[in-house]
**Q** 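Supplied in structure tokens, the structure appears directly below.
Quick caveat, the model's predicted, so the values are computed rather than measured.
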Amino acid sequence: MTARNIVIIGAGIGGLTTALAFARNGDGVDIVEQAPNLSEVGAGLQVSPNASRILIALGLGDALREAMIRPHEIVLASGRSLRKITHVPCGEFAADRWGAPYGVMHRADLQSMLLEAVIAHPHCRLHLDQHITSSDITELPDRLGLPGAGLFVGADGVWSQARRLVPGAPKPRFSGQIAWRFKVAAETTRSVLNPTNVTAFLGSRTHLVAYPLEHGKTINMVAITQGSDPGETWAERENPNGRMELLNAFADWHPDLRTILRQAPEMTWWPLFEVPDGRWHETGSPVLIGDAAHAMTPFAAQGAAMAIEDGYELAQACTGISGDLAATLNTYETSRRARIGRARSRGAFNQFAYHARGPIRLGRDLVLALKQPESLAAELDWLYGYRATGL
């Protein structure tokens, strides 16, 4: 494919990564975003080596090193007793084993560094405050005075407008889970966790993930519980009754963790939606990436990483082809679908293991305690050690 104009719908982490990947290969890129300004919702983000490797290849290595904290370990612990069950080593171990760093950071910091790189790139143009519906996506080039689009990319999230143009694309469905996100000062958590680690506290039908941000000054926390389908929404402030519902879900947890939940500042309430398996592209339609194509629950912490992989792999697949673009996109979709399916299966396994009850919970703890940390790390080689095309 000779250089052509790429129109990307959505300027989130996936859309901006895709823009940089295409621009790096010589294509002109227009990124169209509904928001009048970009401000990433949410606090923390885990950046695993399969994603950081791509960000480094796109020239963001220095910015990533400045913003990212590299935890010493990923710890699994009991939410009831605080007892450490097992851990996966990180830090230098992760960089040595998987060839790229594992870290945690603000979502806003990652989006900001991607945005700065996009704005600085001569092949990229960003169009904010553009109302976008499925009916006018294909008219965007004329409306904005752009060259004709050689390819539309739908990177507009779980409630994607671009998805409506893809025959056979599935609709989002509620996962049954709610994520409560908030930050607390690190000194308020020292009785329950090591602020240099990522810690996942496990419980019956619930779990709580905690990791450092802002050079260790604050701790990002995500508490996941069961909940009811709220309809089409994304992230909202907690309602007056929400905190009590959350505390009831964690009623049998350690008192120190319950105190953190009770005294935490206002939380953000995120219903977790999934997009089940279905078509990501049809001839003449946008090609979907990230949550628009395959939104998944965060039990494997791979939502953003899969979007980053999607964008980079898509640009690589489309570079230099002179034949049938539709055939190229079909091949891309088939390849990515297999990897997304495996990541989704890992998330489902983690959900089962994290939320286990009764004898299953006891068996889980015994099996994990008997495994060496390096053995647990080896089970992640296929995920963290993955090298996108050309890397």
Side-chain angles (χ1 to χ4, degrees), residues 44 46 69 71-91 93 102 104 176-213 216 218-227 242-265 267 297-301 346-377 379-380:
Q46 297 181 53
I69 297 174
H72 296 163
E73 298 175 350
I74 302 172
V75 174
L76 300 183
S78 167
R80 286 183 174 182
S81 67
L82 306 183
R83 177 181 60 84
K84 181 177 179 179
I85 300 170
T86 190
H87 76 276
V88 177
C90 289
F93 174 91
Y102 175 99
V104 293
Q177 305 288 323
I178 301 289
W180 302 77
R181 301 173 186 268
F182 60 99
K183 292 189 298 180
V184 296
E187 60 264 21
T188 66
T189 67
R190 293 190 184 278
S191 65
V192 297
L193 59 84
N194 182 335
T196 66
N197 294 333
V198 173
T199 303
F201 294 100
L202 313 183
S204 300
R205 298 178 178 172
T206 56
H207 78 279
L208 173 67
V209 178
Y211 51 84
L213 294 176
T218 62
I219 301 296
N220 182 72
M221 290 196 163
V222 184
I224 295 185
T225 69
Q226 294 181 325
R243 188 68 63 98
M244 187 56 64
E245 294 175 3
L246 176 64
L247 290 171
N248 288 340
F250 286 81
D252 61 347
W253 278 50
H254 193 278
D256 288 353
L257 287 173
R258 283 179 49 81
T259 296
I260 292 173
L261 293 174
R262 185 173 59 253
Q263 297 179 351
M267 301 180 185
T297 54
F299 289 92
R346 177 70 192 203
F349 171 80
N350 285 354
Q351 178 178 352
F352 172 78
Y354 288 5
H355 292 185
R357 296 180 294 161
I360 295 176
R361 174 179 61 83
L362 295 175
R364 173 203 69 194
D365 291 355
L366 178 61
V367 169
L368 289 176
L370 291 174
K371 283 194 173 185
Q372 292 297 316
E374 291 77 10
S375 174
L376 293 172
E379 295 177 6
L380 296 169

**Q** Got Leu368 and Leu376 here, is their nearest side-chain heavy-atom distance under 4.5 Å?
**A** yes

**Q** Partners of Asp252 by salt bridge (charged side-chain N to carboxylate O under 4.0 Å, His left out), sequence neighbours excluded?
**A**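 Per chain and number, Asp252 pairs via salt bridge (charged side-chain N to carboxylate O under 4.0 Å, His left out) with Arg80.
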
**Q** Using salt bridge (charged side-chain N to carboxylate O under 4.0 Å, His left out) as the criterion, list what pairs up with Glu245, not counting sequence neighbours.
**A** none

**Q** Could you pull out the closest heavy-atom pair between Ala210 and Ile219, with the gap in Å?
**A**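 Result for this residue pair: CB-CG2, 3.8 Å.
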
**Q** Which heavy atom of Asn350 sits nearest to which heavy atom of Ala300, and what is that distance?
**A**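 That closest heavy-atom pairing would be ND2-CA, 3.9 Å.
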
**Q** Side-chain contact, heavy-atom cut-off 4.5 Å: Leu366 with Leu362?
**A**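 In short, these two side chains do not touch, never coming nearer than 4.5 Å.
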
**Q** List in chain and number order the residues that pass side-chain contact (heavy atoms from CB on, under 4.5 Å) with Leu247, two or more places apart in sequence or in another chain; answer none if no residue qualifies.
**A**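 Scan of Leu247 (side-chain contact (heavy atoms from CB on, under 4.5 Å), adjacent residues dropped) gives Arg243, Arg258, Leu261, Arg262.
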
**Q** Would Lys183 and Met221 count as a side chain to side chain contact (heavy atoms under 4.5 Å, CB included) if you check the C-alpha gap in whole Å, the side-chain angles of each, and the deciding distance to 0.1 Å?
**A** CA-CA 6 Å; Lys183 292 189 298 180; Met221 290 196 163; over 6 Å; no

**Q** Just to verify, what does Arg190 make a salt bridge (charged side-chain N to carboxylate O under 4.0 Å, His left out) with, not counting sequence neighbours?
**A** none

**Q** Could you check if a side-chain atom of Arg181 sits within less than 4.5 angstrom of a side-chain atom of Met267, using non-hydrogen atoms only?
**A**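 Not touching, per the 4.5 Å side-chain cut-off.
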
**Q** Could you work out, with side chain to side chain donor-acceptor pair (under 3.5 Å) as the rule, every residue matching Lys371, not counting sequence neighbours?
**A** Glu379

**Q** Can you name the closest pair of heavy atoms from Val192 and Phe201 and give their distance?
**A**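 Minimum heavy-atom contact is O-CZ, 3.4 Å.
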
**Q** Do Asn197 and Thr199 have a side chain donor and acceptor closer than 3.5 Å?
**A** no

**Q** What are the two closest heavy atoms between Ile85 and Ala77, and how far apart are they?
**A**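 Heavy-atom minimum between the residues: CD1-C, 3.9 Å.
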
**Q** Nearest heavy-atom pair of Thr206 and Ala249: which atoms, and what distance?
**A**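 Answer, listing the atom of Thr206 first, then Ala249: CG2-O, 3.7 Å.
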
**Q** Closer than 3.5 angstrom, by distance alone: can the side chain of Arg357 be matched with the main-chain N or O of Ser204 as a donor-acceptor pair?
**A**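 No.
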
**Q** To the nearest 0.5 angstrom, please state how far the CD1 atom of Ile360 sits from the CG atom of Asp365.
**A** 12.0 Å

**Q** Determine whether Phe182 and Ile260 make a side-chain contact, defined as any pair of heavy atoms from C-beta on separated by less than 4.5 Å.
**A** yes

**Q** Could you tell me if the side chain of Tyr211 sits less than 4.5 Å from the side chain of Ile69, heavy atoms only?
**A** no

**Q** Mind checking the CD1-OG1 spacing from Ile74 to Thr86? Nearest 0.5 Å is all I need.
**A** 11.0 Å

**Q** Less than 4.5 Å apart, any side-chain heavy atom of Leu380 and any of Arg346?
**A**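 The answer is yes; the side chains approach within 4.5 Å.
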
**Q** Let me confirm one number: the OG1-CG distance from Thr218 to Leu213, rounded to the nearest 0.5 Å.
**A**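 Answer rounded to 0.5 Å: 4.5 Å.
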
**Q** Go through the structure and list residues passing ring pair (Phe, Tyr, Trp, His ring centres under 6.0 Å) with His355, not counting sequence neighbours.
**A** His207, Phe299

**Q** Could you pull out the closest heavy-atom pair between Pro265 and Val184, with the gap in Å?
**A**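 Result for this residue pair: CD-CG1, 4.0 Å.
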
**Q** Any side-chain heavy atom of Pro298 within less than 4.5 Å of one from Ile224?
**A** yes

**Q** Does any part of the side chain of Asn194, heavy atoms only, come nearer than 4.5 Å to the side chain of Glu73, both counted from C-beta?
**A**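 In short, these two side chains do not touch, never coming nearer than 4.5 Å.
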
**Q** First locate atom CG of Leu193, then atom NZ of Lys84, and finally report the distance between them rounded to the nearest 0.5 Å.
**A** 12.5 Å

**Q** Begin from the C-alpha positions of Leu257 and Leu82 and carry the test side chain to side chain contact (heavy atoms under 4.5 Å, CB included) through to its verdict.
**A** CA-CA 9 Å; Leu257 287 173; Leu82 306 183; 3.6 Å; yes

